[in-house]
Amino acid sequence: MLRRSLPRRSEARRLLIGTLLSAIGRGLTLPFLFIYLTDVRGLTDTRAGLVIGWYGAVTLALSPLGGTLIDRFGARRVVVPCLLIEAVGTGSLGLVHSTGSALLVMTVVAIGSSAIWSGQNTILASLTDDDERQRVFGLNFALLNLGIGIGGMTSGAIIDTGRPATFQVIYLLDAISYLMPALILLTLPGVGHRLGQRRSGDEPSPGGYLTVLRDRPFRRLVIFGLVLTTCGYAQIEVGFAAYAVRVAEVNPRVVAWALAANTVMIVLAQLLVIRRIEGRSRTAALAVVGAVFATAWLVLGAAGLVSTESALVAALCVVACSAIFGFGETMLSPVMPALTNALATDELRGRYNAMSSMIFGVSGVIGPVTAGPLIGAANGMVWVAVVVGGCLVASLVALSLRRLLTAEQDGRVTTGSTSPEPAPAHA
């Protein structure tokens with residue numbers, strides 16, 4: 001299954017290696033930003049949530065520009081500088097000491113990350129054929145989470161809230177990891193250039209974001225993504241960690257082991273899930289994702305209810321929540337980008353992927369800002385009810401999308417490869 005999921009072109013395989021290396025650094029810091037800002041640097045829960053929300057707001061504001069630049073100049077000229085900026089910003093997180101410095105550093109991080117995801121997806125889509133794209137995106141996500149899991153397990157054994165230097169070390173290592181995909185991309189001079197053909201002055205423009213937004217199926221996909229990520233991914237850094245530590249009263253290291261369980265689930269299940277969903281409805285898979293995420297949050301809610309009676313059961317529920325969430329991710333990760341690029345044209349592929357990444361920017365603003373107050377209400381039960389309900393609403397939106405897609409776009413028709421032999425990269 002692994003061999004079948006690998007992309008045909010060697011350039012794409014090397015980019016996947018870059019994904020794994022950078023993800024290890026990301027895993028060192030991913031679950032601990034909220035804890036670092038509050039328990040180590042002394043920010044209040046509200047201020048820490050606003051800092052993380054500010055990161056999402058800046059990313060959201062700059063993502064459209066990133067998509068435009070990718071379409072105009074090529075993803076390569078955008079992604080490499082962004083990776084370098086991200087490295088500088090992430091390394092500087094270890095030096096923050098106040099709300100103001102945290103906001104400044106998170107602004108730098110947001111500038112760097114605003115176009116990385118959309119640019120890398122655009123490059124990967126340009127190096128794969130329609131019949132392999134869903135499998136490759138799934139493998140990319142599996143490698144991403146394998147790296148995050150390795151990093152999370154490593155940092156869980158290193159960090160100590162009483163020793164700020166331990167956090168400074170992991171942020172420095174995270175910064176170094178962002179240089180790896182940049183170096184790999186620099187060794188591939190024929191990859192990541194402009195996809196659309198240059199047009200003469202009398203030829204009509206391929207359009208811009210208004211053209212993308214007029215695409216009704218993609219618009220519905222964006223709505224689904226906004227609801228799901230706001231009640232799903234956006235809750236991991238703040239909602240999940242805060243509920244587990246404050247309400248379920250588990251040790252912060254349990255959060256690290258929960259991410260490890262998430263990784264184990266993804267690594268063990270991703271290739272099998274890719275094989276099972278191939279040739280099946282993508283919208284049905286997205287609907288199942290919403291139901292799985294809702295189940296995960298219900299299990300986490302149970303951890304808060306049993307924490308006073310059994311700390312072990314509460315910890316097991318926290319870990320189980322993360323594992324169940326990971327199973328849902330194995331379906332979402334190949335389907336969402338594959339469907340996005342099935343709807344996109346080469347001339348606007350950067351903008352389509354930018355819009356898709358903006359989903360995480362919007363949810364990155366809403367999630368952190370709302371999680372703190374909701375967890376503080378009714379011992380966290382209000383937060384659990386909101387995120388569970390939101391995930392189920394996302395499932396309904398996904399089901400309504402099916403009638404707007406062709407069978408091929410919905411993945412119910414498998415197309416043959418348009419280039420069975422690896423094509424040479426175009427300079």
Side-chain angles (χ1 to χ4, degrees), residues 23-24 26-36 52 138 141-157 159 170 228-270 272-273 288-307 310-333 360 363-364 367-368 371 374-375 380 383-384 386-388 390-391 394:
I24 293 175
R26 180 62 175 147
L28 291 171
T29 61
L30 176 64
F32 302 113
L33 179 57
F34 184 79
I35 295 173
Y36 169 67
I52 299 173
F141 186 75
L143 293 174
L144 173 69
N145 280 271
L146 175 60
I148 288 176
I150 293 172
M153 292 176 65
T154 303
S155 61
I159 63 166
I170 64 173
L228 185 73
T229 56
T230 299
C231 298
Y233 282 105
Q235 303 297 330
I236 293 297
E237 287 197 39
V238 177
F240 172 73
Y243 187 94
V245 174
R246 304 285 173 79
V247 180
E249 298 180 346
V250 301
N251 188 286
R253 292 190 176 182
V254 174
V255 177
W257 283 105
L259 285 184
N262 178 274
T263 297
V264 171
M265 173 62 74
I266 291 173
V267 172
L268 293 180
Q270 183 69 85
L272 180 61
V273 169
V288 173
V289 172
V292 172
F293 281 6
T295 301
W297 294 136
L298 285 173
V299 172
L300 182 65
L305 296 177
V306 303
S307 60
S310 174
L312 176 60
V313 173
L316 291 176
C317 286
V318 171
V319 174
C321 164
S322 186
I324 295 170
F325 196 91
F327 181 72
E329 291 177 278
T330 62
M331 288 181 282
L332 181 66
S333 61
F360 293 89
S363 61
L374 288 176
I375 288 176
W383 175 81
V384 172
V386 169
V387 294
V388 168
C391 291

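Numbering of residues begins at 1 and proceeds along the displayed sequence.
One finds the OH atom of Tyr233 at 3.5 Å from the CD atom of Glu329 (value rounded to the nearest 0.5 Å). Atom CG in Leu332 sits 5.5 Å away from atom CZ in Phe293 (nearest 0.5 Å). Here the CD1-CG distance, from Ile266 to Leu144, works out to 8.0 Å after rounding to the nearest 0.5 Å. Interatomic distance, CG of Leu28 versus CD1 of Ile148, reported as 10.5 Å (0.5 Å rounding).
Side-chain atoms of Thr229 do not come within 3.5 Å of backbone N or O of Gly232 as any donor-acceptor pair. Looking at Trp297, its side chain never comes within 3.5 Å of a backbone N or O of Trp383 through a donor-acceptor pair. At distances below 3.5 Å, at least one donor-acceptor pair connects side-chain atoms of Gln270 with backbone N or O atoms of Thr330. A distance-only check finds a donor-acceptor pair linking the side chain of Ser322 to the backbone of Ala258 [under 3.5 Å].
Across Val388 and Ala294, no two heavy atoms sit closer than the pair CG2-O, 3.7 Å. Minimum heavy-atom separation, Leu228 to Gly290: CD1-CA, 3.8 Å. Scanning both residues, Val245 and Ile35, for their nearest heavy atoms gives CG2-CD1, 4.3 Å. Closest approach of Cys391 to Cys231, counting heavy atoms only: SG-O, 3.6 Å. In this structure, Ala248 and Ser307 approach most closely via the heavy-atom pair O-CB, 3.1 Å. Among all heavy-atom pairs drawn from Ser155 and Ile170, the shortest one is CB-CG2, 4.2 Å.
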Worksheet item: Between Thr230 and Ser363, is a side-chain hydrogen bond (donor to acceptor under 3.5 Å, both in side chains) present by the stated rule, with each step listed?
Response: CA-CA 4 Å; Thr230 299; Ser363 61; 4.7 Å; no
Discussion item. Show, in sequence, the C-alpha distance, side-chain angles and deciding distance for Val384 and Leu300, and conclude whether the side chain to side chain contact (heavy atoms under 4.5 Å, CB included) test is met.
Written reply: CA-CA 8 Å; Val384 172; Leu300 182 65; over 6 Å; no
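By the 4.5 Å heavy-atom criterion applied to side chains, Phe325 and Met265 are not counted as neighbours. In this structure, Phe240 and Val255 have side chains that are in contact, with non-hydrogen atoms separated by less than 4.5 Å.
Scanning for salt bridge (Lys or Arg N to Asp or Glu O under 4.0 Å) contacts around Arg253 gives an empty result, with sequence neighbours left out. By the side chain to side chain contact (heavy atoms under 4.5 Å, CB included) test, Leu143 pairs with Leu16, Leu20, Leu139, sequence neighbours left out. Residues satisfying the side chain to side chain contact (heavy atoms under 4.5 Å, CB included) test with Val292, not counting sequence neighbours, are Val288, Ile324, Phe327, Met331.
Between the side chains of Tyr243 and Gln235, no donor N or O sits under 3.5 Å from an acceptor N or O.
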